[in-house]
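Scroll down for the structure; my scribbles are underneath it.
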Amino acid sequence: MRYCITGGIGAGKSYVCARLEKRGIRIYDCDRGARQLLHSSPQIQLAITQLIGKEAYDSNGNLNKPVVAKYLLASEENKQRVNAIVHPAVMEDFRNSGLRWMESAILYEAHLEHHVDKVIAVTAPAEIRIHRIMERDGITYDKAREWLEKQADQDEVAARADHVIVNDGVADVDKQIDIILQELANGTTRPTL
């Protein structure tokens, strides 16, 4: 069985993953995996260079982030072209990692849900998420809200998930994790806690 922790920016996926890791569960971070593969995979570097141009990487083989970002932001089609290179490689890296758990913020947006058996969505109220983003990234309220609004609707993500963890600063996250782990061990699913 393979599992995914997902949820929007500021919901607390990393916190939940840290709580799982304290229980001995190792988790593959899809964002970190993508960054690593963009720097280390000759196949991805070649494909990105063929797509964007030789300026996508500098002479030392480092990703030229401003060039790639400009390409990504130019159109949805450009973003999808890059995703078509990176996402399959990340999923292959996850499968080859031997890990059974992964963290992916864009599981549904990237249509990667078929790579896992169960999805656990982490949710939090919008205002809490905005303030977490502001604190973490040192940005304004308006900028944090803009980032939040660009993401998939949290209610839709939660509705599609097999389990939901509410990380609102009040609900007991560890208790919710324990219940979900017990349900996963028993083969049962409860859509919300």
Side-chain angles (χ1 to χ4, degrees), residues 2 4-18 21 26-99 101-116 119 121-122 124 126 129-154 156-157:
R2 291 191 178 105
C4 181
I5 303 295
T6 194
I9 187 170
K13 293 179 305 300
S14 296
Y15 176 75
V16 169
C17 288
E21 288 174 350
R26 292 180 52 223
I27 300 171
Y28 181 92
D29 181 329
C30 289
D31 286 344
R32 186 178 300 134
R35 285 191 300 272
Q36 182 181 4
L37 289 167
L38 280 163
H39 290 293
S40 66
S41 167
Q43 294 88 356
I44 289 180
Q45 289 181 352
L46 177 62
I48 294 291
T49 300
Q50 288 174 338
L51 180 65
I52 299 174
K54 63 181 193 284
E55 64 277 4
Y57 286 88
D58 67 20
S59 59
N60 295 322
N62 296 314
L63 188 69
N64 189 339
K65 291 179 185 177
V67 168
V68 175
K70 182 179 178 183
Y71 179 85
L72 288 169
L73 295 172
S75 72
E76 183 62 26
E77 292 76 22
N78 285 1
K79 180 179 170 185
Q80 294 307 321
R81 288 181 190 111
V82 171
N83 288 347
I85 295 168
V86 176
H87 291 165
V90 169
M91 287 301 96
E92 181 180 354
D93 195 46
F94 168 58
R95 283 191 299 275
N96 292 337
S97 72
L99 300 177
W101 289 76
M102 72 175 189
E103 174 186 356
S104 174
I106 59 167
L107 179 75
Y108 294 119
E109 298 92 323
H111 309 290
L112 301 175
E113 63 271 17
H114 61 278
H115 290 279
V116 296
V119 176
V122 182
R129 293 171 64 196
I130 289 168
H131 287 284
R132 286 176 181 163
I133 298 164
M134 289 169 59
E135 186 174 314
R136 184 191 70 196
D137 295 312
I139 60 173
T140 66
Y141 180 92
D142 289 339
K143 189 66 170 173
R145 194 168 97 182
E146 179 186 330
W147 287 4
L148 189 94
E149 289 172 353
K150 287 184 179 179
Q151 297 212 319
D153 181 75
Q154 177 175 254
E156 290 177 23
V157 171

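For Lys150, the salt bridge (charged side-chain N to carboxylate O under 4.0 Å, His left out) test picks out Glu146, with sequence neighbours left out. Applying the side chain to side chain contact (heavy atoms under 4.5 Å, CB included) test to His87 and every residue at least two apart in sequence or in another chain returns Asn83, Ile106, Ala110, Leu112. The salt bridge (charged side-chain N to carboxylate O under 4.0 Å, His left out) check on Arg145 picks up Glu149, with sequence neighbours excluded. Annotation: side chain to side chain contact (heavy atoms under 4.5 Å, CB included) contacts of Ala152 (sequence neighbours excluded): Glu109, Val157. Not counting sequence neighbours, Asp93 has no partner by the salt bridge (charged side-chain N to carboxylate O under 4.0 Å, His left out) test. With sequence neighbours left out, Arg32 forms a salt bridge (charged side-chain N to carboxylate O under 4.0 Å, His left out) with Asp29. Taking the side chain to side chain contact (heavy atoms under 4.5 Å, CB included) definition, one finds that Lys70 meets it with nothing, sequence neighbours left out. For Glu21, the side chain to side chain contact (heavy atoms under 4.5 Å, CB included) partners at least two apart in sequence or on another chain are Ile27.
Judged by distance alone, the side chain of Glu55 and the main-chain N or O of Val67 form no donor-acceptor pair under 3.5 Å. Using modelled atom types, one side-chain atom of Thr6 and one backbone atom of Ser104 make a donor-acceptor pair closer than 3.5 Å.
Of all heavy-atom pairs between Glu103 and Cys17, the closest is OE1-SG, 3.5 Å. Among all heavy-atom pairs drawn from Ile9 and Arg129, the shortest one is O-NE, 2.9 Å. Across all their heavy atoms, Gly8 and Lys13 have their closest contact at O-NZ, 3.3 Å. Scanning both residues, Ile133 and Gly10, for their nearest heavy atoms gives CG1-CA, 4.1 Å.
Applying the side chain to side chain donor-acceptor pair (under 3.5 Å) definition to pairs two or more places apart or across chains, those involving residues 42-52 are Ser41-Gln43. Sequence neighbours left out, the pairs with a member in residues 26-46 that pass ring pair (Phe, Tyr, Trp, His ring centres under 6.0 Å) are Tyr28-Phe94. The side chain to side chain donor-acceptor pair (under 3.5 Å) contacts involving residues 132-143 comprise Glu127-Tyr141, where partners must be two or more places apart or lie in separate chains.
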Report all side-chain donor-acceptor pairs from residues 56-63 shorter than 3.5 Å, counting only partners two or more places apart or in another chain.
| from | atom 1 | to | atom 2 | distance (Å) |
| --- | --- | --- | --- | --- |
| Tyr57 | OH | Leu38 | O | 2.6 |
| Asp58 | OD1 | Asn60 | N | 2.8 |
| Asp58 | OD1 | Gly61 | N | 3.1 |
| Asp58 | OD1 | Asn62 | N | 2.9 |

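The CD atom of Gln36 sits 10.0 Å away from the CD1 atom of Ile44 when rounded to the nearest 0.5 Å.
Here the side chains of Val82 and Asn78 are not in contact, with every heavy-atom distance at 4.5 Å or above. Contact check for Ile85 versus Arg81: no side-chain heavy atoms found under the 4.5 Å cut-off.
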Could you walk me through whether Val68 and Ile52 satisfy the side chain to side chain contact (heavy atoms under 4.5 Å, CB included) test, starting with their C-alpha distance in whole Å, then the side-chain angles of each, then the deciding distance to 0.1 Å, before giving a yes or no?
CA-CA 7 Å; Val68 175; Ile52 299 174; 4.1 Å; yes
